[in-house]
Amino acid sequence: MIPNSVLSKIEKVTGQQVQSSNQVSGGSINQAAKVTLSDGRPYFLKWNTSADARMFTVEEKGLALLASAQTSLRIPAVSTTGKTDDNIGFLLQEFIAEGHANPNSASDFGRQLAQLHQHHEEKYGLDHNNYIGKLPQSNTWHKNWIDFFIQERMEPQLKMATDSGKLGTQTVTQFEAMYQKLCDIFPDEPPSLLHGDLWSGNYFFDEKGQATVYDPAVYYGHREMELAFTHLFGGFPSKFYSAYKEKYPLESGFSERKDIYNLYPLLVHTNLFGGSYGRQVQGIAAQF
Ligand code: ADP
């Protein structure tokens with residue numbers, strides 16, 4: 001059930017009435033519904049009774065940044081974000097119906113992601129911090145990718161995991177050994193605009209077969225970080241990868257580096273869900 005305070009706030013902010021609403025299965029973090037307003041259009045509503053409402057304002061900023069890159073990736077347009085008087089954060093965006101891939105969808109998607117990654121900045125980071133899932137993601141600017149990777153990606157999550165006892169001090173020692181080797185592992189790449197949370201649950205093809213991405217955790221980072229994550233939970237279609245590489249070739253040896261980049265999402269999953277994710281982190285770290 002959508003809380004009444006959310007419905008009335010939406011009506012107040014949009015100046016429209018809610019004609020109908022159906023709760024739909026949300027992601028792993030928020031609750032979600034399809035809502036039709038008096039303009040006759042369907043909207044996708046997400047809300048959360050316990051998370052920081054800022055989560056949605058930075059999600060809106062992230063979607064706006066992705067849209068400003070003017071690739072052909074479809075990005076849902078946000079109508080409004082806000083917080084009710086009883087502290088429920090919400091985000092109202094364009095509802096996009098999921099469709100099916102056509103024969104060109106996956107390769108178009110690969111080229112469009114490459115186009116996104118061809119948007120560069122001078123430094124790694126972002127002008128604001130955001131969230132990865134519901135965990136804070138720090139984006140302090142760094143000139144150097146390795147400093148960014150260690151200080152903004154590894155260390156905060158590793159500390160959270162050791163403080164909560166999900167990982168032991170032996171893992172910290174292994175990470176420290178790994179840090180020493182990163183300069184021989186990561187190829188030099190300029191900071192690229194990344195979606196930041198691109199796995200198979202955060203894209204679909206719309207009714208025209210157009211790749212649609214949502215729920216980002218944007219920053220300017222090493223583009224291999226994004227590609228590594230696409231491989232983590234099942235991978236994307238092979239045409240996606242071949243089209244990406246044709247448009248924006250990768251340095252050789254990427255598949256040997258993948259696991260190191262994926263320490264970040266695996267640490268995040270360890271902190272969010274525990275269990276086998278911690279063992280995967282240990283398994284990768286033990287190689288150093
Ligand atoms: P969460 O923040 O809880 O992870 P998501 O933003 O990932 O939620 O959305 C959950 C699911 O809702 C997605 O997996 C997708 O199937 C669907 N979805 C996301 N955005 C839209 C949208 N704009 N229109 C229609 N469905 C959407």
Side-chain angles (χ1 to χ4, degrees), residues 1-3 6 10 14 16 18-37 39-67 71-83 88-101 105-106 109 112-113 129-137 194-219 226 229-230 232-237 264-265 268-269 271-273 277:
M1 277 270 289
I2 308 175
V6 173
I10 286 172
T14 62
Q16 300 194 61
V18 174
Q19 305 280 8
S20 64
S21 61
N22 299 313
Q23 191 151 354
V24 296
S25 57
S28 43
I29 310 290
N30 301 298
Q31 292 185 274
K34 181 179 182 182
V35 171
T36 306
L37 299 184
D39 62 5
R41 292 205 188 131
Y43 292 83
F44 183 71
L45 171 69
K46 297 208 286 194
W47 73 95
N48 197 310
T49 49
S50 54
D52 182 356
R54 190 178 165 272
M55 214 167 86
F56 293 119
T57 50
V58 294
E59 182 169 342
E60 177 179 20
K61 276 182 158 187
L63 289 166
L65 183 57
L66 293 178
T71 67
S72 312
L73 285 168
R74 188 164 180 194
I75 318 285
V78 174
S79 302
T80 183
T81 58
K83 191 172 78 167
I88 305 176
F90 66 89
L91 181 151
L92 186 73
Q93 59 185 313
E94 162 191 22
F95 183 92
I96 299 177
E98 185 169 356
H100 296 287
S105 296
F109 184 18
Q112 289 154 359
L113 189 72
N129 296 335
N130 46 23
Y131 294 84
I132 179 75
K134 62 178 180 202
L135 300 180
Q137 174 167 273
L194 307 183
H195 174 284
D197 195 7
L198 192 58
W199 66 291
S200 55
N202 279 345
Y203 83 89
F204 59 53
F205 296 108
D206 71 9
E207 288 174 312
K208 291 184 177 160
Q210 166 76 53
T212 306
V213 299
Y214 41 83
D215 201 17
V218 294
Y219 63 102
E226 181 118 290
F229 188 37
T230 65
L232 189 60
F233 302 121
F236 285 23
Y264 180 56
V268 169
H269 277 71
N271 285 319
L272 286 172
F273 311 115
Y277 296 113

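Heavy atoms only: backbone and side chains are in, while hydrogens, waters and symmetry mates are out. Because the structure is predicted, anything quoted here is derived from the model rather than measured. In listed order, ligands and their atoms are each counted from 1.
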Task: Candidates E98, E207, E94 - the one meeting salt bridge (charged side-chain N to carboxylate O under 4.0 Å, His left out) with R74 - done: E94
Any N/O pair [X]/ligand 1 closer than 3.5 Å:
X   : result
I96 : yes
E59 : no
E98 : no
S25 : no

Among protein heavy atoms, which sits nearest to [atom], and what does the distance come to when rounded to 0.1 Å?
atom                    : result
atom 3 (O) of ligand 1  : N30 N, 2.9 Å
atom 17 (C) of ligand 1 : F44 CZ, 3.8 Å
atom 16 (O) of ligand 1 : Y214 OH, 3.8 Å
atom 4 (O) of ligand 1  : D215 OD2, 3.0 Å
atom 10 (C) of ligand 1 : G27 N, 3.3 Å

Open item on the list: Determine whether a donor-acceptor pair (N or O, by modelled atom type, separation under 3.5 Å) exists between the side chain of Q23 and the backbone of M1.
Closed with: yes
TODO: Look at the side chain of E226 and the backbone N and O of H195, then say whether any donor-acceptor pair between them is shorter than 3.5 Å.
DONE: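 Answer holds: yes.
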- [ ] For residues F44 and Y214, establish whether the separation of their ring centroids is below 6.0 Å.
- [x] no
Atoms of ligand 1 less than 4.0 Å from [X] heavy atoms?
X    : value
P76  : 23 (N)
Q93  : 23 (N)
G201 : 14 (O)
N202 : 7 (O)
E94  : 22 (C), 23 (N), 24 (N)
K46  : 1 (P), 2 (O), 5 (P), 6 (O), 8 (O)
I29  : 3 (O)

TODO: Kindly assign one of parallel, tilted or perpendicular to the pair Y277 and F233, based on the angle between their ring planes and the thresholds 30° and 60°.
DONE: perpendicular
TODO: For G196 and Y219, work out which heavy atoms get closest and say how close.
DONE: CA-CE2, 4.2 Å
Task: For the student: nearest non-hydrogen atoms of M55 and N48, plus distance - done: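 Of all heavy-atom pairs spanning M55 and N48, the closest is CE-ND2, 4.4 Å.
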Task: Given T80, T49, N30, I2, the one that forms side-chain contact (heavy atoms from CB on, under 4.5 Å) with F90 - done: T80
Task: Any side-chain heavy-atom pair of Q137 and Y264 under 4.5 Å - done: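 They are in contact (side-chain heavy atoms under 4.5 Å apart), so the answer is yes.
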Task: Evaluation steps, side chain to side chain contact (heavy atoms under 4.5 Å, CB included), between L232 and W199 - done: CA-CA 8 Å; L232 189 60; W199 66 291; over 6 Å; no
